[in-house]
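One structure is given here, and the rest of the page talks about it.
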Amino acid sequence: MPLVDGVDMVTGRGKYSADLQFPDALVGRILRSPHAHARIVSIDTSEALALEGVRAVITGEDSGVPFGVLPIAKDEFALAREKVRYKGEEVAAVAAVDAWTAEQALERIRVEYEPLPAYDDPFEAMAEGAEQLHAHRERNIEREVDHEFGDVEAGFAASDVVLEESFVAPEVTHAQMEPHAAVAQWDEYEQRLTVWCSTQVPYYVHISLGEVMELDMSQIRVIKPMVGGGFGCKTEALSYELICGLLARKAKGTVKVVLSREEVFFAHRGRPATWTRLKLGASSDGKLQAVEAEVVQKGGAYGGYGVVTILYAGALLSAIYDIENVKYRAHRVLTNTPANGAMRGHGTVDVRFAFESMLDMLARKLGMDPVALRQRNMLQAPCMTINDLLVNSYGYPECIEKAAAASDFHRKAGKLPFGKGIGIAGSHYVSGSSKPVNRSNMPHAVVSLKLDTDGGITLFTGAAEIGQGSSTVLLQIAAEVIGCHPRRFRVVAADSVLTPKDNGSYSSRVTLYVGNATLQAAQRMREQLFDAAARGLNAFPVDVELVDDAFRLIAEPEKSLAWREGVELALEYQGTLMTKGTYSTPKITHGGRNYRGAGIGATPAFSYSAQVVEVDVDIHTGHVKVHHVTVAHDCGFAINPLAVEGQIEGSVWMGMAQGRQEETHYKNGLPQAPNLLDYRFPTILESPDIHTIIVESNESGGPFGAKEAGEGSLASFLPALANAIEDAIGVRIRDLPLSPENVHAAIQQARKAQAQAAAAATPVPGAGGGGGT
Amino acid sequence: MTYPMKPYRLHRPESVEAAVALAAEHPGAKYLAGGTDLVVNMRRRIAEPGHAIDLGAIAELRGIRRAGEHIEIGAGTTIAEIAQHPEVCGAIPILAEAAGRVAGPTIRSMATLGGNLVLDTRCIYYNQSYFWRQANDFCLKKEGTVCHVAPGGSFCWAAFSADTPPALLVLGAAVEIVGAAGPRTVPLAEFYGTDGRWSIGEATGGRRPGELLLRARVGLLSGEAGAAEGDVRVALFDGVHPAEESGRPQLLAATDEECGYAWGIAEGRHFLGEALLLQAAQVLGREVRQQAFVSKHVEGPAYPLWLRLLRHELRSAA
């Protein structure tokens with residue numbers, strides 16, 4: 001079934017936040033810091049306010065309540081107070097009758113700064129004596145993690161082979177199609193605010209607006225129009241949304257803020273640059289005995305999801321292979337660059353790149369087939385991992401097997417001509433986080449259904465459709481359970497006045513969480529409908545079936561009621577039929593062990609992915625052409641195979657973009673390519689053939705057995721690519737991206753090393769020792 | 001792109017004479033055709049004209065016609081038209097191919113030959129928003145004093161990225177220009193300067209303030225030589241156009257002399273011999289290296305791709 005909003009998307013008929021037209025809307029624009037780190041000495045807005053057409057000017061003075069998605073890291077203000085911490089940080093904002101007036105007003109705001117030492121490099125930022133970005137974060141460390149499960153020392157001692165390697169992955173950004181945009185409307189008479197914004201998490205925006213504007217949440221309505229992608233950058237309230245609300249209240253009117261693409265790079269929340277040192281120990285038969293990882297993430301200037309990211313990176317060392325001894329040491333470091341945050345495959349991607357690269361290095365060392373090495377270390381699911389994560393359904397063995405078979409891996413690996421290569425790697429991801437970001441005992445998801453005399457059913461959900469197909473999959477679940485035609489449904493999503501609260505679209509939670517809530521609401525509606533129909537047919541509900549929108553007796557199909565008749569009976573005496581379903585994560589999935597950070601990584605179900613990448617490497621230029629990808633993804637059950645395939649292909653693409661090209665490079669505190677012309681990612685021209693295999697392990701906790709589909713296949717692409725390159729040319733590359741530049745440099749380095757080794761091996765006649773320069 | 005534009009006065013003259021008169025009357029005015037370069041730059045406040053002279057109503061500027069042994073292409077002709085025009089495709093296919101590689105279909109249907117020929121040069125320190133440039137202390141080309149590509153120097157390294165000029169340069173095209181002082185014809189090779197500021201009418205180059213580009217005159221290729229030249233020009237073109245993920249297209253051979261090197265490599269197959277060819281390749285290689293060095297993070301991959309092309313040329317010649 002195609003996406004219910006597909007036509008709106010591809011024809012341009014759908015309305016995104018920036019498309020919303022209000023005749024009285026003012027233009028909101030933001031003044032940003034030209035300094036990477038500075039104290040704000042003074043701000044003078046008088047000249048700006050005096051400009052004709054300016055309706056409101058706000059600064060950090062207008063809200064002193066900090067916000068942040070994690071209750072433990074509320075370290076941001078809507079507009080900077082006292083200090084600025086990165087170039088591009090919001091300092092003041094203006095609402096004016098038109099954009100140019102607003103722009104001129106910004107130029108008339110006088111800000112006096114006192115510059116402070118700034119850090120782009122996390123290692124410099126956490127050095128002794130470095131200037132602190134935040135008073136409460138010593139040595140600029142946002143979070144230090146030190147976890148050990150099992151006995152790593154003993155594990156390495158029991159190993160026949162121990163490898164240790166370092167990997168670097170630069171910062172990347174989401175590059176979603178729709179830049180951030182919001183409209184805020186303040187009703188001065190009612191003292192109420194309505195905000196339309198491009199977000200994955202309307203509920204979190206709602207909370208933050210309430211806090212920052214010091215309003216009761218009941219005074220605020222948050223509506224999410226169509227969203228043109230998020231990939232994680234819209235999973236927390238961002239300053240611009242709060243600024244828009246503050247401006248609207250101050251101007252006593254409607255304000256629209258649309259960020260430029262460059263401003264999207266300042267709002268950022270991308271995947272942090274990650275330094276990974278990884279040590280793996282295995283016995284000679286390939287059984288992994290111990291893993292030790294040391295990770296540093298460059299977090300940017302504010303916490304955001306940072307603590308979660310650094311914990312994910314460690315937690316997800318587990319739950320894919322059977323490893324009894326795991327040690328994880330990590331630092332999330334604050335730097336004077338735009339804040340990082342959640343991005344598709346949150347936390348796991350860069351470490352998985354290192355891990356799966358090293359599995360191949362280990363296989364080489366052991367003389368083992370990389371597929372066999374992975375197969376040697378499978379979990380016996382269901383099980384609890386060493387860090388107390390529940391692995392319930394586990395389709396990874398099938399993913400590996402099918403991806404290897406479909407790609408003819410064993411006939412090709414190590415046997416292709418020089419320059420051609422094939423590589424395999426695996427990955428996994430959560431289907432929602434078992435513990436919500438905001439600790440609460442409310443259900444994780446609530447869905448309600450309404451059936452009225454028109455015979456149509458409306459599904460109300462707070463789940464944010466962001467292009468991934470959440471509305472479609474919920475509609476399908478409800479239609480499947482009730483048994484009527486999907487066309488009878490309408491979905492109303494993400495309007496805080498109409499729809500039940502939902503935590504939003506992130507960590508791949510919607511299908512499993514909101515799907516289960518939908519399932520329950522639909523079952524309850526089905527029950528009432530079938531009771532009514534059975535009454536009309538003088539039968540028991542179990543003897544009734546709903547076929548082609550007609551209720552009929554299973555044994556005597558000629559005795560039937562039209563849908564309308566069934567609905568009328570169901571509405572008799574009570575009128576409009578409304579049902580509700582909820583979902584809460586089972587306790588066993590919560591990560592019960594009592595250690596700091598235990599809740600991260602805990603999920604009702606893990607998805608699994610195995611990916612085979614085939615490449616041609618041009619040894620002279622370092623150019624890598626990816627010509628074929630085979631990907632097998634265990635999504636439990638594909639409720640909508642078309643959407644699942646789309647999500648898997650999207651993950652492959654995004655993995656390919658990061659693997660081959662992407663990098664947000666800062667110089668002088670500024671992103672060097674803050675636009676989609678210079679920030680390079682693949683286009684349709686570079687798309688390889690992607691062979692997608694859906695593996696269905698039937699997750700017992702998921703609706704119809706379904707679990708995660710949208711993120712899990714991203715991480716496996718990167719190491720599969722590095723493994724393929726090594727297969728092609730014998731050079732192992734540890735630093736991303738695997739761009740022609742880096743590949744070429746690695747080739748040169750390998751050549752040099754080879755030449756030196758050859759020179760060292762050849763005795764030089766007459767060489768009397770020493771020498772060297 | 002949501003940056004507001006500084007208000008400006010838009011004029012829409014109906015003749016070349018009126019357009020040139022308007023430009024003389026309003027120094028600093030900009031001619032506006034497709035707007036695919038200028039409007040973006042105006043939003044970034046790289047260009048801040050008080051007056052824009054819309055050329056859309058001047059029919060004389062549009063169209064492609066055969067004039068004896070030449071083809072004349074009006075400056076207002078869209079890139080899309082050039083790419084598909086039967087006369088161009090038949091007689092100077094290299095230009096059709098070049099035009100077909102400009103940006104994407106929507107841009108090609110807006111952009112004009114004139115705009116492409118006088119495209120502003122690009123640099124990561126220049127093609128940024130006003131805020132970005134301000135936070136980076138501006139640059140030599142606009143409002144600043146330092147070239148961030150090569151601090152200490154007074155040369156502007158902004159690169160020319162237009163796709164049709166390389167084809168026109170190797171075809172030996174000339175451009176007809178008209179200004180307040182009357183019309184003149186300039187070989188395209190003399191039109192361009194080496195300093196990146198030529199495109200905004202500063203430093204070197206053949207542009208004069210207020211002049212309007214009327215048309216390009218291109219000599220026809222004929223017979224066997226034409227076909228062979230066509231081939232090598234395609235090869236040259238591939239180099240100018242490092243495809244796929246490799247960053248912005250670059251015309252490295254911005255001047256006649258540099259173009260000569262590239263041309264030499266191409267021609268070498270026929271008469272230069274390998275030694276000379278190698279020498280030419282080295283010169284070009286140096287250029288390429290320099291470019292790759294100065295723009296490492298944006299278009300690094302262009303370097304190896306260029307080298308591959310050179311190698312390809314050398315192999316073919318050997």
Side-chain angles (χ1 to χ4, degrees), chain A residues 18 27 29-36 87-88 98-104 106-107 179 181 257-263 265-266 618 620-625 657 660-661 663 665 667-675 677-683 685-686 737 739-745, chain B residues 1-8 40 42-45 48 103-104 107 122-139 146 148-149 151 161 242-249 292-293 295-312 314-315:
Chain A
V27 177
R29 292 196 65 77
I30 298 166
L31 181 72
R32 295 173 181 278
S33 164
H35 295 278
K87 283 194 182 182
D98 61 52
W100 183 249
T101 304
E103 192 75 358
Q104 282 183 298
L106 292 184
E107 281 177 31
V257 173
V258 181
L259 298 196
S260 68
R261 181 58 67 175
E262 178 188 291
E263 288 177 297
F265 276 82
F266 293 130
D618 185 329
H620 302 295
T621 63
H623 183 257
V624 178
K625 182 175 168 53
R660 295 182 62 208
Q661 291 162 277
E663 176 173 8
H665 175 73
K667 198 169 156 188
N668 194 15
L670 288 166
Q672 294 294 287
N675 58 70
L677 182 63
D678 296 325
Y679 187 86
R680 288 271 151 180
F681 49 78
T683 69
L685 289 173
E686 289 97 53
S739 59
E741 199 179 357
N742 286 352
V743 173
H744 189 258
Chain B
M1 183 72 79
T2 54
Y3 296 106
M5 254 191 253
K6 184 174 162 181
Y8 60 92
V40 177
M42 283 168 72
R43 288 199 181 277
R44 282 178 161 152
R45 296 171 68 183
E48 298 178 280
I107 300 283
R122 297 184 61 91
C123 177
I124 55 168
Y125 300 104
Y126 175 69
N127 295 86
Q128 300 284 4
S129 73
Y130 183 81
F131 165 76
W132 195 102
R133 288 180 293 121
Q134 182 192 31
N136 204 43
D137 301 324
F138 297 106
C139 82
V146 176
H148 300 287
V149 175
S161 61
E244 297 187 301
E245 81 283 13
S246 54
R248 297 195 298 261
F293 170 73
S295 52
K296 188 164 178 272
H297 286 284
V298 180
E299 44 222 343
Y303 168 38
L305 282 174
W306 264 87
L307 285 190
R308 184 175 64 177
L309 277 156
L310 286 174
R311 254 192 310 279
H312 173 77
L314 291 173
R315 264 202 307 276

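Throughout, a chain's letter reflects where its sequence line sits, starting with A, and its residues are numbered from 1.
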If I measure from the heavy atoms of chain B, does [X] come under 4.5 Å with its side chain, its backbone, both, or neither?
X        : result
A:Thr683 : neither
A:Phe266 : side chain
A:Leu259 : backbone

On a heavy-atom basis, which atom in A:Asn675 and which in B:Asn127 lie closest, and how many Å separate them? ND2-O, 4.4 Å

What's the shortest heavy-atom distance between A:Lys87 and B:Ala135, and which atoms? NZ-O, 2.6 Å

Of all of [options], which one pairs up most often with chain B through heavy atoms under 4.5 Å apart?
options                              : answer
A:Arg29, A:Lys667, A:Gln104          : A:Arg29
A:Val258, A:Leu31, A:Leu106          : A:Val258
A:Leu670, A:Val743, A:Asp98, A:Val27 : A:Leu670

If we define contacts as heavy-atom pairs under 4.5 Å, which of B:Gln134, B:Gln128, B:His148 has the most with chain A? B:Gln128

If we only count heavy atoms from C-beta on, is the A:Leu677 to B:Arg122 side-chain gap below 4.5 Å? yes

Indicate yes or no: at least one non-hydrogen side-chain atom of B:Arg43 is less than 4.5 angstrom from one of A:Ser260. no

How long is the straight-line distance from OH of B:Tyr3 back to CZ of A:Arg261, given to the nearest 0.5 Å? 11.0 Å

Cut-off 4.5 Å, heavy atoms of chain A, and the answer for B:Arg133 is neither

Quick one: do B:Arg44 and A:Glu262 make a salt bridge, cutoff under 4.0 Å? no

Using the rule given for salt bridge (Lys or Arg N to Asp or Glu O under 4.0 Å), can you reason through B:Lys6 versus A:Glu107, listing the C-alpha separation, both sets of side-chain angles and the distance that settles it, and then say yes or no? CA-CA 13 Å; B:Lys6 184 174 162 181; A:Glu107 281 177 31; over 6 Å; no

side-chain contact (heavy atoms from CB on, under 4.5 Å) for A:Arg32 and B:Trp132? Distances and angles first, verdict last. CA-CA 10 Å; A:Arg32 295 173 181 278; B:Trp132 195 102; over 6 Å; no

